[in-house]
Enquirer: 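Supplied in structure tokens, the structure appears directly below.
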Amino acid sequence: MTTSSGTLLAFLISRSTVADRLWIVFSAMIILASLWFTGSEPGEEVVIFRNAQRIEALPLDQPAKRSLPGRLGPVEIEIRDGAARLREFESARMIGTRTGWISATGEIAACVPCGIMIRISGGAPSTPTYDAVAR
Amino acid sequence: MPRHTHYPPRQERRRALWITYLAAAATVTHLFESTLPGLGPWFKPGLANVFALIALLQWDLGAAVGVTLIRITIGSLTLGTFLTPTFLLSLSGSLAALSAMAFMVRVPIRFGVVGISLAASLAHMSAQVVVAAYVIVGHPALLSILPLFLIGAWITGIGNGYLSALVLERLTWYHSPEDESFGSSHYSNHTPLSKAGTCRNPGARQP
């Protein structure tokens, strides 16, 4: 085990220059920093979907509470302090509730068995229409 | 594109042959990759770029441009995506990757295959996302997914770099040492890769 990992390390080092290694670390730092920076982009509104159909969009900056009839029972959607959460009461795994508060663009909380999903949107298409990688 | 390297006639023919070999291999890899099931949109291995790297390091930048353009054109014609947005993404990504390669070769810092491959991979992904955001979707919101995609590009770029290093070693082993000019490309003349252990090349003329 030690020998094989040592061989791998020797391989990785011997095929790269010092500049390569510095560049690998530097680019990783830049990517992680930009991930941190863009990951916390606040959204503008909460879009509520029921059975895959968009039914309502609520602004994130105004406190609100909605109770929707889900397939398994009532689902509550609460907006407070620029964040939103979804609480179900009759779901086996309570994934929507356990997601907790969401506030960044593209974040999703869903109770799939209830058929209810909320998603934070920035008023812009946050899902790519095309893959970023060409076919 | 202006050529910086001129070879004796025999080497010129050999270079042309190698461009077609590598372009054929790259095209097949490109087609194979397009049939891979979704590992997630940001996790395409980009193996086809290995052949462009080999062309760059064994010959010169012009060879890498040739391999890439042939691959994209024939690949998209075969897949039926020629002159579609997908082709535009592919083209912009590849041109960015080639520019990054050219830059990495020309800076006075001694980057090896791995560093060049990483830069090409990151440039490829960045250009694709920027073109997708501004030209195809038309909204900069798409740019927010760029860092996530760059993580995938970072991993595949490094992996492809090491893969290219392995292939290059075997290529230079395969050709006999008395074949003096093989592998003494523009790049290896200016940047002694062999000193970095990146490309063992017994036949290369050292500067």
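Excluded from the calculations below are hydrogen atoms, water molecules and symmetry mates; all remaining heavy atoms, backbone and side chain alike, are included. Lettering of chains follows the sequences in order, A, B, ..., and the numbering in each one begins at 1.
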Enquirer: Search all heavy atoms of B/I151 against all heavy atoms of A/L35 and return the closest pair with its distance.
Expert: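 In this case the closest contact between B/I151 and A/L35 is CD1-CD2, 3.8 Å.
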Enquirer: Checking A/T17 side chain against B/R110 main chain: does a donor-acceptor pair fall under 3.5 Å?
Expert: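 Checked: pair present.
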Enquirer: What are the two closest heavy atoms between A/S27 and B/L122, and how far apart are they?
Expert: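 It is CB-CD1, 3.8 Å.
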Enquirer: If we define contacts as heavy-atom pairs under 4.5 Å, which of B/G157, B/G161, B/A119, B/G93 has the most with chain A?
Expert: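 When all of B/G157, B/G161, B/A119, B/G93 are compared, B/A119 has the most.
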Enquirer: Is the A/W23 ring parallel, tilted or perpendicular to the B/F111 ring (thresholds 30°, 60°)?
Expert: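 If you compare the ring of A/W23 with that of B/F111, the planes turn out perpendicular.
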Enquirer: For each of A/I30, A/I24, A/L32, tally heavy-atom pairs with chain B at distances under 4.5 Å, and name the one with the top tally.
Expert: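 Option with the top pair count is A/I24.
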Enquirer: Provide the closest heavy-atom pair for A/R15 versus B/L166 in the form atom of the first, atom of the second, distance.
Expert: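 Scanning both residues completely, I find the closest heavy atoms to be NH2-CD2, 4.4 Å.
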Enquirer: Which atoms of B/L118 are under 4.5 Å from chain A, going by heavy atoms: the side chain, the backbone, both sets, or neither?
Expert: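 Looking at B/L118, backbone and side chain both touch chain A.
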Enquirer: Give a yes or no on whether B/Y21 atom OH has more than 12 heavy-atom contacts from other residues, nucleotides or ligands under 6.0 Å away.
Expert: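 Result for OH/B/Y21: open.
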